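Treat the numbers as computed from the prediction; the structure is a model and nothing was measured.
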Amino acid sequence: MKILGIDPGLRVTGFGVIHKEGNRLSYVASGTIRIPDGDLPSRLKVIFEGVGQVVDTYCPDCAAVEIVFSNVNPQSTLLLGQARGAAICGLITSSLPVAEYTALQVKKAVVGQGKAQKSQVQAMVQRLLKLDGLPGTDAADALGVAIRVTAQADAAYRRRLGRFLQGRMKANAD
């Protein structure tokens with residue numbers, strides 16, 4: 001399964017692609033979509049088209065986007081939400097299933113605690129994906145979002161396995 005993670009932003013949108021086979025995660029690609037200054041509609045178009053190009057290039061099976069946190073500045077939060085919407089539209093236009101996770105959920109899955117620093121996320125992403133160097137902060141966040149998808153999938157698998165084993169134990173007891 002190939003997973004695309006997106007860390008949306010109006011200046012820089014990070015992306016990260018990983019491959020999951022069994023319990024093994026491997027790095028495919030990561031980078032950023034740089035959004036030039038300009039009016040909001042043209043910036044959103046760059047995000048939309050950039051995400052579409054990433055999808056076309058790496059052909060992921062699913063995607064996930066970080067959920068916008070509430071900022072001290074409501075105007076910034078609204079603008080970031082629009083960048084996130086452009087990224088999601090770029091994903092769903094390609095018919096990808098899209099999951100959404102908060103930064104807290106991503107940090108908890110990657111580092112083990114929701115209040116982790118960006119540098120800790122970078123270091124754990126490097127370790128989990130066996131990268132030669134630290135990824136940039138936006139790419140690391142996007143790779144973390146993709147890693148969070150695998151944690152969700154693993155948890156769902158463990159729940160299904162637990163129900164299956166309980167059913168078998170009950171059947172064997174009868």
Please output the side-chain donor-acceptor pairs of residues 58-65 that fall under 3.5 Å, not counting sequence neighbours, one pair per line with the distance.
{"unit_1": "D61", "atom_1": "OD2", "unit_2": "K2", "atom_2": "N", "d": "2.7"}

Do any side-chain atoms of residues 34-50 form donor-acceptor pairs under 3.5 angstrom with protein atoms, and if so which ones, sequence neighbours left out?
{"unit_1": "D37", "atom_1": "OD1", "unit_2": "R11", "atom_2": "NH1", "d": "3.0"}
{"unit_1": "D39", "atom_1": "OD1", "unit_2": "S42", "atom_2": "OG", "d": "2.4"}
{"unit_1": "S42", "atom_1": "OG", "unit_2": "D39", "atom_2": "O", "d": "2.9"}
{"unit_1": "R43", "atom_1": "NH2", "unit_2": "L10", "atom_2": "O", "d": "3.1"}

Linking I/L/V/M/F/W/Y whenever their side-chain heavy atoms sit closer than 4.5 Å, directly or via other members, would V121 and V149 fall into one cluster?
yes
Test log, rule side-chain contact (heavy atoms from CB on, under 4.5 Å), inputs D7 and T13
CA-CA 6 Å; D7 178 33; T13 290; over 6 Å; no
Residue pair G16 / A146: nearest heavy atoms and the distance that separates them:
O-CB, 4.1 Å
N/O donor-acceptor pairs under 3.5 Å from side chains in residues 88-97, not counting sequence neighbours:
{"unit_1": "T93", "atom_1": "OG1", "unit_2": "C89", "atom_2": "O", "d": "2.5"}

In this structure, would M1 and V145 fall into the same cluster of hydrophobic residues linked by side-chain contacts under 4.5 Å?
yes
Working to the nearest 0.5 angstrom, can you tell me the gap between L4 CG and F15 CZ?
8.0 Å
Per the salt bridge (charged side-chain N to carboxylate O under 4.0 Å, His left out) rule, what does the pair list look like for residues 85-94, sequence neighbours excluded?
none
State whether the side chain of Y101 and the backbone N or O of L104 hold a donor-acceptor pair below 3.5 Å, judged by distance alone.
no
Over all heavy atoms of both residues, which pair between G144 and V125 is shortest? Give the atoms and the distance, please.
N-CG2, 4.1 Å
Are V17 and Y27 co-members of a hydrophobic cluster defined by side-chain heavy atoms under 4.5 Å apart?
no
So with a 6.0 Å cut-off around CD of Q113, is the heavy-atom count from everything else above 12?
yes
Determine, step by step, whether L80 and L78 satisfy the side-chain contact (heavy atoms from CB on, under 4.5 Å) criterion, reporting the C-alpha distance in whole Å, the side-chain angles of both residues, the deciding distance to 0.1 Å, and the verdict.
CA-CA 5 Å; L80 185 55; L78 288 171; over 6 Å; no
Intermediate values then yes/no, side-chain contact (heavy atoms from CB on, under 4.5 Å), V12 and I33
CA-CA 6 Å; V12 178; I33 301 164; over 6 Å; no
V54 reachable from I6 in the ILVMFWY side-chain graph, under 4.5 Å edges:
yes
Here the gap from M124 atom CE to I147 atom CD1, rounded to the nearest 0.5 Å, amounts to 8.5 Å
Within residues 93-111 or reaching into it, pairs that qualify as salt bridge (charged side-chain N to carboxylate O under 4.0 Å, His left out) - sequence neighbours excluded:
R84-E100
Atom of T150, atom of L25 and distance for their closest heavy-atom approach
CG2-CD2, 3.6 Å
State, with a plain yes or no, whether a side-chain heavy atom of E21 is found less than 4.5 Å away from one of S26.
no
Residue pairs fulfilling side-chain hydrogen bond (donor to acceptor under 3.5 Å, both in side chains) with at least one residue in residues 118-144, sequence neighbours excluded
K118-D141
Is the backbone N or O of T102 less than 3.5 Å from a side-chain atom of Q105, with the two atoms forming a donor-acceptor pair by type?
yes
About how many Å separate CG of L143 and CG of L131, when rounded to the nearest 0.5 Å?
7.0 Å
When every non-hydrogen atom of N23 is compared with those of K20, the smallest separation belongs to CA-NZ, 4.0 Å
